Structure formats: structure tokens, C-alpha cells
Amino acid sequence: MPVNSTHYLFLSLLLFSIGVMGTLMRRNAIIIFMCIELMLNAVNLLLVTFSKVYADADAQLFVFFIMVVAAAEVAVGLAIIVMMYRKVHSVDINILNRLKH
Amino acid sequence: MDIYDILFWGLSVMAVGCALGIILSRNPVNSVLFLILTFFAISGHYILMNAQFLAIVNIIVYAGAIMVLFLFVIMLMNLNADVEPQKGQLVQLAGVISGGVLFLVVLAAIKSARPEVIDKTSTDIGLISNLGKVLFTKYVLPFEISSVLFLSAMIGAIVIGKKEHVHEVTKAE
């Protein structure tokens with residue numbers, strides 16, 4: 001069976017689900033952040049697929065904007081993680097439950 | 001089974017295997033390296049689909065800049081030890097089940113999607129001249145706004161990361 005757009009749909013869905021599983025499974029804040037990057041990349045792959053199928057350049061431009069947002073997000077997010085490490089000397093998300101008490 | 005299909009299956013197996021490696025490896029440095037391999041596999045898919053410029057940008061921005069930032073932070077905090085506490089078995093199982101249920105639900109939704117044929121001849125959509133024309137005519141306003149977003153993210157990162165000396169000085173006075 002030749003490769004068609006459904007194969008790419010399944011592949012990016014699989015990558016997105018793995019990202020969701022990693023976000024729910026791990027306790028390390030940096031790994032959770034990396035799983036979010038993986039989910040963003042799964043969406044990028046899907047956009048490029050439909051750009052190819054419909055021969056339209058707009059989808060590839062949206063991939064650019066997603067990359068811009070991801071880069072800004074990583075800069076701010078890693079700054080927050082470093083700050084949190086300075087205060088509590090850990091990146092474990094389970095100790096960040098002080099609002100509960 | 002032509003060369004396109006063989007490359008597709010090879011890159012797909014590499015992407016999914018490395019993505020599983022991210023969430024299963026105990027050492028954060030290994031996770032970063034697996035994520036870089038996943039990005040390379042996705043870049044291979046971009047090249048297969050005639051998005052050459054995006055493939056290069058993906059490698060430079062993601063594998064080159066963002067992942068190096070992650071590696072810097074991990075090594076700065078000295079986290080490259082295997083002593084990370086794990087969640088309980090029950091919570092991990094619940095995470096896998098919820099991810100799997102999401103997978104199944106969307107799979108059932110897209111199973112009936114009409115398969116579109118992928119044109120395997122090369123097109124010039126992904127070339128830099130074509131993308132530049134679209135970016136600077138149709139999407140010039142989002143482009144400018146994203147530059148403001150970058151500036152505010154840069155200032156935000158500096159403000160968050162700055163040490164708080166000011167309050168201690170005023171307290172001492």
C-alpha cells in the first residue's frame with residue numbers, strides 16, 4: 001500500500017499520544033517540558049503533510065509561527081525552572097503543591 | 001514499495017522509537033539526546049515532503065538551539081544522575097491508560113478519513129523564495145507581532161532569572 005495522508009495522520013497522532021503519556025507519567029519538570037515540545041512537533045508534521053497534499057504554502061508558514069512560539073516558551077519556561085531550582089533545590093513537580101495547604 | 005515508502009517507514013520507526021526513549025529513559029541527558037534524534041527523524045519527513053527549508057530550520061532551531069538550552073539547564077543543575085524519584089506504579093499506569101485512550105478516540109475519529117494521495121514528484125512550495133513571498137505579503141502582520149513576542153519573552157526571561165538583591169539591600173538599610 002503506497003504511503004498516503006492517513007499514514008502521516010497516524011504517525012503524528014502516535015507522537016502526540018506519546019507526548020501526552022510522558023507529560024502524565026514523569027515527575028521531572030524538564031522532561032515534562034520536553035514532552036510538550038514533542039507534541040508541538042507532532043502538530044508541525046501534520047501541518048507540513050497537508051501543505052504537501054493540498055500544494056499550499058500557508059501551512060508551512062504556520063509551522064514557522066509555531067516554532068517562534070515554542071522558542072519563546074522555552075526561554076521563559078526554562079527561566080522559571082531555573083528560578084524554582086534556586087528556591088527549592090529540586091525540579092520535582094510533586095513538591096510544588098503549596099497552594100493546596 | 002518504492003524508495004519513498006521505505007524511507008517513510010524507516011523514519012517513522014526511528015521517530016516513534018526515539019519518542020518512546022524520551023519518556024522511558026531514567027537519565028534526563030539520555031532523554032534530551034533521544035528528543036534530538038526524534039527531531040532529526042521529523043526533519044527527514046519534511047525533506048520527503050518537499051519542505052526543505054523547514055527541515056533545515058527544524059534542525060537549526062530545535063536540535064541546535066532549544067535542545068542545547070535544555071542540556072545547559074540539566075548540566076547546570078547537575079541533574080544527570082539516575083536518582084530521580086518516580087511516580088507510583090498506579091499513577092504511571094493511569095498516565096499510560098489516559099494517553100492510550102486519547103490515541104484510540106482520535107484513531108476512531110480519523111479511521112474513516114478519506115486518504116489523500118501524496119504526490120511524490122518534487123514541487124517548489126517549500127523553497128525559500130516561495131515561502132518568503134507568502135510570508136512578507138500575506139502574513140506580514142503576524143510576522144511583526146511575533147517579533148514583539150520574542151522581545152517580550154527575552155525581557156521576561158531576564159526579569160525572571162535575575163537575582164533578587166534589591167530587597168535585601170533595602171532591608172539592611
Side-chain angles (χ1 to χ4, degrees), chain A residues 2-11 13-15 17-28 30-31 33-35 37-38 41 44-45 48-49 51-58 60-61 63-65 67-76 78-83 85 91-92 94, chain B residues 4-5 8 12 15-16 19-20 22-23 28 31-32 35 38-39 42 45-46 49-51 54 57 61 66 69-70 73-74 77 79 84-87 92 95-96 98-100 102-103 106-107 110 113 115-118 123 125-126 130-131 134-135 139 142 146 149-150 153-154 156-157 160-161:
Chain A
V3 172
N4 55 35
S5 67
T6 314
H7 289 85
Y8 280 106
L9 270 170
F10 286 160
L11 175 62
L13 173 61
L14 199 54
L15 287 177
S17 303
I18 290 172
V20 171
M21 282 180 205
T23 308
L24 295 174
M25 271 170 65
R26 302 298 299 258
R27 277 171 66 177
N28 191 334
I30 296 177
I31 308 259
F33 214 28
M34 277 160 48
C35 289
E37 295 298 313
L38 184 66
N41 263 278
N44 282 353
L45 183 63
V48 172
T49 304
S51 151
K52 173 73 177 167
V53 167
Y54 295 109
D56 196 353
D58 290 17
Q60 297 199 14
L61 266 304
V63 175
F64 276 124
F65 290 122
M67 280 180 183
V68 168
V69 172
E73 174 217 336
V74 164
V76 177
L78 282 180
I80 291 174
I81 289 177
V82 169
M83 207 57 210
Y85 185 75
V91 289
D92 190 349
N94 273 21
Chain B
Y4 188 100
D5 294 1
F8 171 82
S12 301
V16 173
L20 284 174
I22 298 168
I23 64 172
S31 289
V32 171
L35 189 54
T38 312
F39 287 157
I42 290 176
H45 278 298
Y46 289 170
M49 289 186 284
N50 289 118
L54 269 187
V57 167
V61 172
I66 294 182
L69 213 59
F70 272 103
V73 170
I74 286 174
M77 295 176 184
L79 290 177
E84 181 202 340
Q86 296 297 317
K87 275 187 180 171
Q92 288 198 351
V96 171
S98 8
L102 175 77
F103 178 74
V106 186
L107 191 72
I110 66 177
E116 304 276 356
V117 180
I118 301 241
T123 55
I125 287 175
N130 190 17
L131 286 182
V134 181
L135 179 63
Y139 291 102
S146 67
L149 174 74
F150 254 135
M154 205 164 69
I160 292 170

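Quick note: numbers below take in every heavy atom, side chains included, and nothing from hydrogens, waters or symmetry partners. Computed from a predicted structure; not experimentally measured.
- Summarising the geometry, atom CZ belonging to B/F103 is positioned 8.0 Å from atom CE belonging to A/M21; distances are rounded to the nearest 0.5 Å.
- Between A/D56 and B/I125, the shortest heavy-atom distance links the atoms N-CD1, 3.7 Å.
- When the candidates B/I42, B/T38, B/V117, B/V61 are compared by the number of heavy-atom contacts under 4.5 Å with chain A, B/I42 comes out ahead.
- The contact between B/F8 and chain A is made entirely by side chain atoms (from C-beta outward), counting heavy-atom distances below 4.5 Å.
- Annotation: the span from A/I31 atom CD1 to B/I74 atom CD1 amounts to 6.5 Å, rounded to 0.5 Å.
- Options A/N4, A/N41, A/T6, A/L38 differ in how many heavy-atom pairs under 4.5 Å they form with chain B, and the most are formed by A/N41.
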* Passes side chain to side chain contact (heavy atoms under 4.5 Å, CB included), B/D5 versus A/H7? Steps please. -> CA-CA 11 Å; B/D5 294 1; A/H7 289 85; over 6 Å; no
* Could you walk me through whether B/V16 and A/L11 pass side chain to side chain contact (heavy atoms under 4.5 Å, CB included), step by step? => CA-CA 8 Å; B/V16 173; A/L11 175 62; 3.7 Å; yes
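- Ranked by non-hydrogen atom pairs under 4.5 Å with chain B, the options A/V76, A/L13, A/V53 are led by A/L13.
- Side-chain contact check for B/M77 versus A/V82: some heavy-atom pair is nearer than 4.5 Å.
- Considering CZ of B/F39 and CG of A/N44, their distance stands at 9.0 Å, rounded to 0.5 Å.
- A pairwise comparison of heavy atoms in B/S146 and A/V68 identifies CB-CG1, 3.8 Å as the closest pair.
- At a 4.5 Å heavy-atom cutoff, the contact between A/M83 and chain B is made by side-chain atoms alone.
- Using a 4.5 Å cut-off on side-chain heavy atoms (C-beta onward), A/V48 and B/H45 make no contact.
- Shortest non-hydrogen contact noted between B/I23 and A/R26 is O-NH1, 3.1 Å.
- Most heavy-atom pairs under 4.5 Å with chain A: of the set B/S98, B/A113, B/P142, this distinction falls to B/P142.
- Checking side-chain atoms of B/Y139 against main-chain N and O of A/L61 turns up no donor-acceptor pair under 3.5 Å.
- Contact tally against chain A (heavy-atom pairs below 4.5 Å) for B/T123, B/L102, B/L131: the top residue is B/L131.
- With a threshold of 4.5 angstrom between heavy atoms, B/L35 approaches chain A through side-chain atoms but not through N, CA, C or O.
- Residue A/M67 comes nearest to B/V57 through the heavy atom pair SD-CG1, 3.6 Å, listed as atom of the first residue, atom of the second, then distance.
- A/I18 has its side chain within reach of B/L20: a pair of non-hydrogen atoms, C-beta onward, lies under 4.5 Å apart.
- Within the 4.5 angstrom heavy-atom criterion, only side-chain atoms of B/Y4, from C-beta onward, approach chain A.
- Of all non-hydrogen atoms in B/N50 and A/Q60, the two that sit nearest each other are O-NE2, 4.4 Å.
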* Asked: Given A/Y8 and B/I118, is the side chain to side chain contact (heavy atoms under 4.5 Å, CB included) satisfied, shown in steps?
  -> CA-CA 10 Å; A/Y8 280 106; B/I118 301 241; 3.7 Å; yes
* To do: Could you give me the CA-CA distance, side-chain angles and deciding distance for B/E116 and A/Y54, then say whether side chain to side chain contact (heavy atoms under 4.5 Å, CB included) is met?
  => CA-CA 9 Å; B/E116 304 276 356; A/Y54 295 109; 3.1 Å; yes
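- Residues A/A57 and B/V134 come closest through the heavy atom pair CB-CG2, 4.1 Å.
- Only the side chain of A/L15 comes within contact range of chain B, judged by heavy atoms closer than 4.5 Å.
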